[in-house]
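Below is one structure, written out as structure tokens; comments come after it.
Since the model is a prediction, treat every value here as computed from it, not as a measurement.
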Amino acid sequence: MGPLTAFAVNPDGVRFETQEAEETVVLFLRQHIIVNIGWILLAILLILAPTVLFPLIVAAFGLTISVPPGYIVVGSLFWYLGTFGFVLAKFLEWYFNIYIVTNERVVDIDFFYLLYKRFSQAELNKIQDISYNSGGIFATFFNYGNVTVETAGESPNLEFDKVPHPEKVVETIRNLTEHMK
């Protein structure tokens with residue numbers, strides 16, 4: 001399994017903090033890698049802005065602005081620092097928000113801004129319904145969608161956002177729940 005894997009069946013070496021000794025990971029999921037295209041294109045635009053876009057805008061409007069070179073350097077450094085922070089936050093959000101299906105439960109681990117983690121789980125014997133939806137040109141072409149796991153009782157419903165092969169995820173969870181019964 002590579003570091004950017006978004007869909008892995010029976011992965012080797014995958015463990016999480018509350019995993020039991022006899023519990024095995026059946027599916028490891030994160031959002032499809034194609035969902036990163038939007039923020040990557042925005043990052044490219046932000047990287048090009050100080051050197052390409054800003055001079056073009058100034059020339060298009062015929063503005064004659066004289067800014068000391070020191071201000072341009074400091075402003076550019078702050079701009080690129082902010083751009084780097086944006087790229088890092090978006091990548092880490094995609095990388096660390098994972099979904100795990102084991103032979104005993106379904107786990108959803110969400111990280112928010114590196115400071116907050118939400119861990120949600122549902123035992124396989126408490127799952128009542130599993131469904132998925134996939135809509136749009138990109139989702140259809142790249143085969144990703146949202147999987148919803150509805151549980152009985154006080155357990156929270158889990159939603160796996162934009163995961164690859166949602167039909168396989170639903171089929172795997174359904175087979176595991178039937179095996180548990």
Side-chain angles (χ1 to χ4, degrees), residues 1-43 85-181:
M1 186 173 103
L4 301 179
T5 299
F7 183 88
V9 179
N10 297 321
D12 291 330
V14 174
R15 297 203 45 79
F16 56 98
E17 60 189 353
T18 62
Q19 185 174 356
E20 301 293 329
E22 68 282 348
E23 192 173 19
T24 59
V25 175
V26 178
L27 281 179
F28 174 84
L29 306 162
R30 62 171 56 105
Q31 289 185 340
H32 197 291
I33 198 161
I34 200 70
V35 302
N36 294 321
I37 293 296
W39 68 261
I40 289 172
L41 292 176
L42 179 58
F86 169 76
V87 168
L88 183 65
K90 287 299 202 178
F91 175 76
L92 292 177
E93 177 185 333
W94 172 80
Y95 188 79
F96 285 114
N97 288 339
I98 59 173
Y99 314 106
I100 298 173
V101 178
T102 71
N103 60 338
E104 296 179 10
R105 59 188 163 160
V106 178
V107 177
D108 178 4
I109 303 172
D110 296 319
F111 279 84
F112 301 99
Y113 309 113
L114 299 175
L115 300 174
Y116 177 74
K117 175 176 68 169
R118 182 178 63 211
F119 183 91
S120 304
Q121 70 176 14
E123 295 177 15
L124 290 177
N125 59 2
K126 294 194 177 168
I127 293 176
Q128 286 187 329
D129 189 35
I130 311 151
S131 61
Y132 77 93
N133 61 42
S134 179
I137 295 171
F138 280 109
T140 303
F141 187 74
F142 293 105
N143 192 18
Y144 68 86
N146 300 334
V147 175
T148 304
V149 178
E150 295 180 14
T151 59
E154 297 176 12
S155 300
N157 292 341
L158 303 178
E159 185 161 341
F160 298 175
D161 294 325
K162 301 173 185 165
V163 293
H165 312 292
E167 70 286 346
K168 290 180 183 177
V169 174
V170 168
E171 180 183 335
T172 303
I173 296 172
R174 189 166 284 131
N175 289 340
L176 287 168
T177 57
E178 288 174 1
H179 184 263
M180 288 290 287
K181 293 176 183 175

- Would you check, one step at a time, whether the test side chain to side chain contact (heavy atoms under 4.5 Å, CB included) holds for V35 with F142? CA-CA 10 Å; V35 302; F142 293 105; over 6 Å; no

- Evaluate the side chain to side chain contact (heavy atoms under 4.5 Å, CB included) criterion for residues N157 and T151: first the C-alpha distance (whole Å), next the side-chain angles of each, then the deciding distance (0.1 Å), finally the verdict. CA-CA 6 Å; N157 292 341; T151 59; 3.5 Å; yes

- Task: Dump the intermediate steps for side chain to side chain contact (heavy atoms under 4.5 Å, CB included) on Y99 and V147, then the final yes or no.
- Result: CA-CA 11 Å; Y99 314 106; V147 175; over 6 Å; no

- Query: Could you walk me through whether I100 and E23 pass the side chain to side chain contact (heavy atoms under 4.5 Å, CB included) check?
  - Reply: CA-CA 12 Å; I100 298 173; E23 192 173 19; over 6 Å; no

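In this structure, F138 places its CZ atom where only 12 or fewer heavy-atom neighbours from other residues, nucleotides or ligands lie under 6.0 Å away. Heavy atoms of other residues, nucleotides or ligands lying less than 6.0 angstrom from CG of L4 number more than 12.
The closest donor-acceptor contact from the side chain of D110 to the backbone of R118 lies at 3.5 Å or more, if one exists at all. Put simply, the side chain of N97 gets close to the backbone of F111: a donor and an acceptor are under 3.5 Å apart. Remark: side-chain polar atoms of R30 are not paired, donor with acceptor, to backbone N or O of F96 under 3.5 angstrom.
One distance of note links CG of L176 with CD of E171; it measures 10.5 Å at 0.5 Å rounding. Note that CD of E93 is 11.5 Å distant from CG of L88, once rounded to the nearest 0.5 Å. Remark: K117 NZ to I109 CD1 distance equals 6.5 Å, nearest 0.5 Å. Distance check, rounded to the nearest 0.5 Å: OG1 of T5 to CD1 of I98 gives 12.0 Å. Put simply, OG1 on T172 and CG on L27 are 4.5 Å apart, with the number rounded to the nearest 0.5 Å. Note that the CG atom of L41 and the CG atom of N36 stand 11.0 Å from one another [nearest 0.5 Å].
Note on ring orientation: taking the six-membered ring where Trp is involved, the planes of Y95 and F91 are parallel (angle under 30°, cut-offs 30° and 60°).
In this structure, V25 and Q19 have side chains that are in contact, with non-hydrogen atoms separated by less than 4.5 Å. Looking at heavy atoms from C-beta onward, F119 lies in side-chain contact with T18 at the 4.5 angstrom threshold.
Across all non-hydrogen atoms, the minimal contact from S134 to T140 is OG-N, 4.4 Å. Between R105 and E20, the closest heavy-atom pair is NH2-N, 4.2 Å. The minimum heavy-atom distance linking Q128 with A152 is given by the pair NE2-CB, 3.6 Å.
For the side chain to side chain contact (heavy atoms under 4.5 Å, CB included) with V149, the lone residue among L124, L158, V170, T177 that qualifies is L158.
For S131, the side chain to side chain contact (heavy atoms under 4.5 Å, CB included) criterion is met by T148, not counting sequence neighbours.
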Identify every side-chain donor-acceptor pair in residues 159-166 under 3.5 Å, counting partners at least two apart or on other chains, and give the distances.
{"residue": "H165", "atom": "ND1", "partner": "N143", "partner atom": "ND2", "Å": "3.0"}

